[in-house]
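Read the numbers this way: they start at 1 and go in the same order the structure lists the ligands and their atoms.
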Amino acid sequence: MAPPRDLREWISLLEREGELRRVSAEVDPHLEVTEIVDRVVKAGGPALLFEHPKSEHPLLINQFGTERRMCLAFGVDSLDDVGRRLGDVLEMQPPQGLAEKVRGLKKLKSIADSQPKTVRSGSSQEVVLTGDQVDLRRLPVQTCWPGDAGPFITLPAVITKDPRNGARNVGMYRLQVLDERTTAMHWQIHKDGRADYLLADGKLEVAVALGLDPVTAYAASAPLPKHVDELMLAGFLRGEPVELVRGKTVDLDVPANAEIVLEGYLAKDELTEEGPFGDHTGYYTPPEPFPVFHVTAMTMRRDAIYPSIVVGKPPQEDAWLGKATERIFLPAIRMSVPEIVDYDLPVAGAFHNCCIVSIRKSFPGHAQKVMHAIWGLGMLSLTKSVVVVDEWVNVHDYEEVFFRVGANVDPKRDVLISEGPLDHLDHAPTLQFYGGKLGIDATHKGPAEGAREWPPEIEMSDEIRRRVDERWEEYGLGAAPDPNGSRQGALRQLLRR
Ligand SMILES: Cc1cc2nc3c(=O)[nH]c(=O)nc-3n(C[C@H](O)[C@H](O)[C@H](O)COP(=O)(O)O)c2cc1C
Ligand SMILES: [Mn+2]
């Protein structure tokens, strides 16, 4: 099934699938929406369309809150399917034979189709407000947590151009609403939008799209190299190009199907105090200077729907945006580090705190090599701790990982303390941006790594397993438990947690 073309199609799809609830009661975007959503997210509940959030615009939230909805957004059964499609293109080899050539052409077409397309008009400009007509306070912008400095736009796609070569960038950076026509722009030190800003001479034009089809909205959060346009990725993943129209007051193309677009500019060196903001680390990030965004135009669909998301103590809705990235980028990571079998970024680790990675180990020090590779790879370079396990360990089964770390690690020999860049939001390191890294080698070790002879792991013989499979009914013990069930599941049952 083709992914939805815009937010309206997405909402219809969610509704058809029983994945969306409309709330007609009046609710307050000041804190009240957060408390409702926090409970619904943690219960694995539906997307919510608040029809009366004390604003003329309805508020959509929790659209990404479960794995099932994330798969619906991409039109796939499993997020790994999305990764495989991307991997297929990345790994393209010269085709052998006719069938492969035809398949190769299809892949090339999917790349050609990913280029955004300019169209003459779009529903995102049905209503055009400029100058004094702009009033951000008419949107149901949430104040999420009691200690927040004010209302924050939390699910934007921020579009800029590299002043050197015009290359587009799209990033999801929150915007603190300061008054009717200005916001702060929270792009962190490692981000591409900020790099465009630093390269700008005097002024940088910006457009912010709100209320996109779910794949394009996701793409704004994807950690692509700076020179790769996030809208290309969106077009590739959707299977059709993202349509753009000319901005009304800026020299930027904006999504034709967005619900709302904010156009404007940042003056170089005009900073404001941004925050505090209850962040995805589970703590408030303290006030810090960030650029001021002046809104010169607000364009909309008639009856525009405003999209929002709450971040906070994990798990929150952003968990599945992060998991989508984890799955989609696995093949790309394998391109540069092919010995990686799988990896997991635990949601509780806010994605940058921990990375568990399984490898096909083939030489002494291989685990350390992979730790350093991760610390040198795109946004993964900000990872604070890396746990390396052997290829047969399920990285998504945290009980199994804990078992391997306990069983296979000599802390003196297998723990590596290093240092390097850390996430902008990490409050733990002594210095902001820079500090310690922890690597734990939980693989089996050989004599060349200073270990004694490694003992064999306990495994039942295949013969006995087969016999018990065959005879299970005879024992009169009811339905057979899954012999390959996860350690996590087994432990929960055993300990009745
Ligand atoms: C819900 C959500 C909110 C985010 N807020 C911010 C933010 O305020 N500032 C920031 O720098 N990154 C934020 N991010 C992460 C960026 O969107 C992500 O790093 C993205 O890759 C940035 O694009 P870029 O690589 O083009 O800079 C957020 C991500 C999500 C999912
Ligand atoms: Mn980028």
Side-chain angles (χ1 to χ4, degrees), residues 34 37 41 60-65 70 73 142 144 148-149 151-162 165 167-177 183-199 204 206 208-210 212 214-234 274-281 284-285 287-288 290-291 293 307-312 314-326 328-329 332 345 347 350-352 377-383 421-426 432-433:
T34 299
V37 170
V41 165
L60 175 71
I61 197 160
N62 201 22
Q63 55 177 307
F64 298 116
M70 209 68 209
Q142 281 187 274
C144 295
D148 283 5
F152 286 80
I153 296 172
T154 50
L155 202 62
V158 176
I159 303 165
T160 52
K161 278 197 299 202
D162 187 321
N165 54 20
R168 179 175 24 241
N169 189 71
V170 188
M172 190 172 281
Y173 317 117
R174 71 175 184 240
L175 308 166
Q176 182 185 341
V177 176
T183 80
M185 175 66 73
H186 184 263
W187 42 45
Q188 298 158 11
I189 188 172
H190 306 106
K191 305 302 169 76
D192 297 341
R194 183 186 136 100
D196 288 344
Y197 170 71
L198 292 179
L199 289 162
L204 180 74
V206 175
V208 175
L210 296 164
L212 296 164
V215 173
T216 308
Y218 158 75
S221 78
L224 294 175
K226 177 153 189 337
H227 62 279
V228 183
D229 180 0
E230 281 79 3
L231 295 185
M232 285 263 295
L233 177 70
E274 200 264 6
F277 177 73
D279 225 310
H280 79 135
T281 56
Y284 286 102
T285 49
E288 201 183 324
F290 279 94
F293 171 41
S308 192
I309 189 169
V310 170
V311 298
Q316 297 288 352
E317 183 186 344
D318 60 332
W320 282 104
L321 285 171
K323 281 286 154 190
T325 289
E326 178 200 287
I328 292 170
F329 283 81
L345 306 171
V347 171
F351 295 99
H352 57 259
L377 211 58
M379 281 299 117
L380 275 176
S381 62
L382 305 178
T383 305
L422 293 172
D423 193 275
H424 193 124
L425 302 176
D426 192 340
Q432 194 182 14
F433 308 130

### N/O/S from Asp229 sitting under 2.8 Å away from the Mn ion (ligand 2)
no

### Query
Counting from 1, what ligand 1 atoms have a heavy atom of Leu321 closer than 4.0 Å?
31 (C)

### Query
What do you reckon, does Gly322 put a non-hydrogen atom under 4.0 Å from ligand 1?
no

### Message
When you measure from the heavy atoms of His280 to every atom of ligand 1, does any distance fall below 4.0 Å?
### Response
no

## Note on the structure
Gly171 heavy atoms within 4.0 Å reach ligand 1 at atoms 23 (O)

#### Entry: N/O donor-acceptor pair under 3.5 Å between Thr154 side chain and Ile309 backbone
yes

### Query
Short N/O distance, under 3.5 Å, between Arg174 and ligand 1?
yes

#### Entry: ligand 1 atoms in contact with Ala220 (distance to a heavy atom under 4.0 Å)
17 (O), 20 (C), 23 (O)

### Query
Less than 3.5 Å between some nitrogen or oxygen of Met172 and one of ligand 1, yes or no?
yes

### Message
When you compare ligand 1 with Ala222, is there at least one nitrogen or oxygen pair between them that comes in under 3.5 angstrom?
### Response
yes

### Message
Looking only at protein heavy atoms, which one is nearest to atom 25 (O) of ligand 1, and what is the separation?
### Response
Asp192 OD2, 3.4 Å

### Query
For atom 11 (O) of ligand 1, which protein heavy atom lies nearest, and how many Å away is it?
Gln188 N, 2.9 Å

### Message
Distance under 4.0 Å to a non-hydrogen atom of Asn169: what atoms of ligand 1 satisfy this?
### Response
26 (O)

#### Entry: Donor-acceptor under 3.5 Å (Asp148 side chain, Gly278 main chain)
yes

### Summary
Taking only non-hydrogen atoms of His186 and a 4.0 Å limit, the atoms of ligand 1 in range are 7 (C), 8 (O), 9 (N), 10 (C), 11 (O)

### Query
Any donor-acceptor pair under 3.5 Å linking the side chain of Glu317 with the backbone of Gln63?
yes

### Query
Relative to each other, are the rings of His190 and Phe433 parallel, tilted or perpendicular (30° and 60° limits)?
perpendicular

### Query
Which of these passes side chain to side chain contact (heavy atoms under 4.5 Å, CB included) with Glu288: Glu274, His424, Gln188?
His424

### Query
Distance from Thr325 atom OG1 to Asp318 atom CG, nearest 0.5 Å?
11.0 Å

### Task
Give the minimum heavy-atom separation between Trp320 and Gly65, together with the two atoms involved.
CD1-O, 3.5 Å

### Protein heavy-atom partner closest to atom 20 (C) of ligand 1 - residue, atom, separation in Å
Ser221 O, 3.6 Å

### Task
Around atom 19 (O) of ligand 1, find the nearest protein heavy atom and jot down its residue, atom name and distance.
Lys191 NZ, 3.0 Å

### Query
If only atom types and distance count, is the side chain of Glu230 paired as donor or acceptor with the main-chain N or O of Ala219 below 3.5 Å?
no

### Lys323 (side chain) donor-acceptor with Leu345 (main chain) under 3.5 angstrom
yes

### Query
Taking the minimum heavy-atom distance to atom 24 (P) of ligand 1, which of Phe277, Tyr173, Trp187, Phe351 ranks first?
Tyr173

### Task
Can you label the angle between the Trp187 ring and the Tyr173 ring as parallel, tilted or perpendicular, going by 30° and 60°?
perpendicular

### Summary
Minimal heavy-atom distance between Ala217 and Met172, with the atoms involved, is O-CE, 3.3 Å

### Query
Between Asp423 (side chain) and Leu425 (backbone), is there a donor-acceptor pair under 3.5 Å?
yes

### Task
Tell me which N, O or S atom of Glu230 sits nearest to the Mn ion (ligand 2).
OE2

#### Entry: OD1 (Asn169) to the Mn ion (ligand 2) to OD2 (Asp192) angle, given to the nearest 10 degrees
100°

#### Entry: Subset of ligand 1 atoms that lie under 4.0 Å from at least one heavy atom of Glu230
26 (O)

### Numbered atoms and elements of ligand 1 in range of Pro223, under 4.0 angstrom, heavy atoms
21 (O)

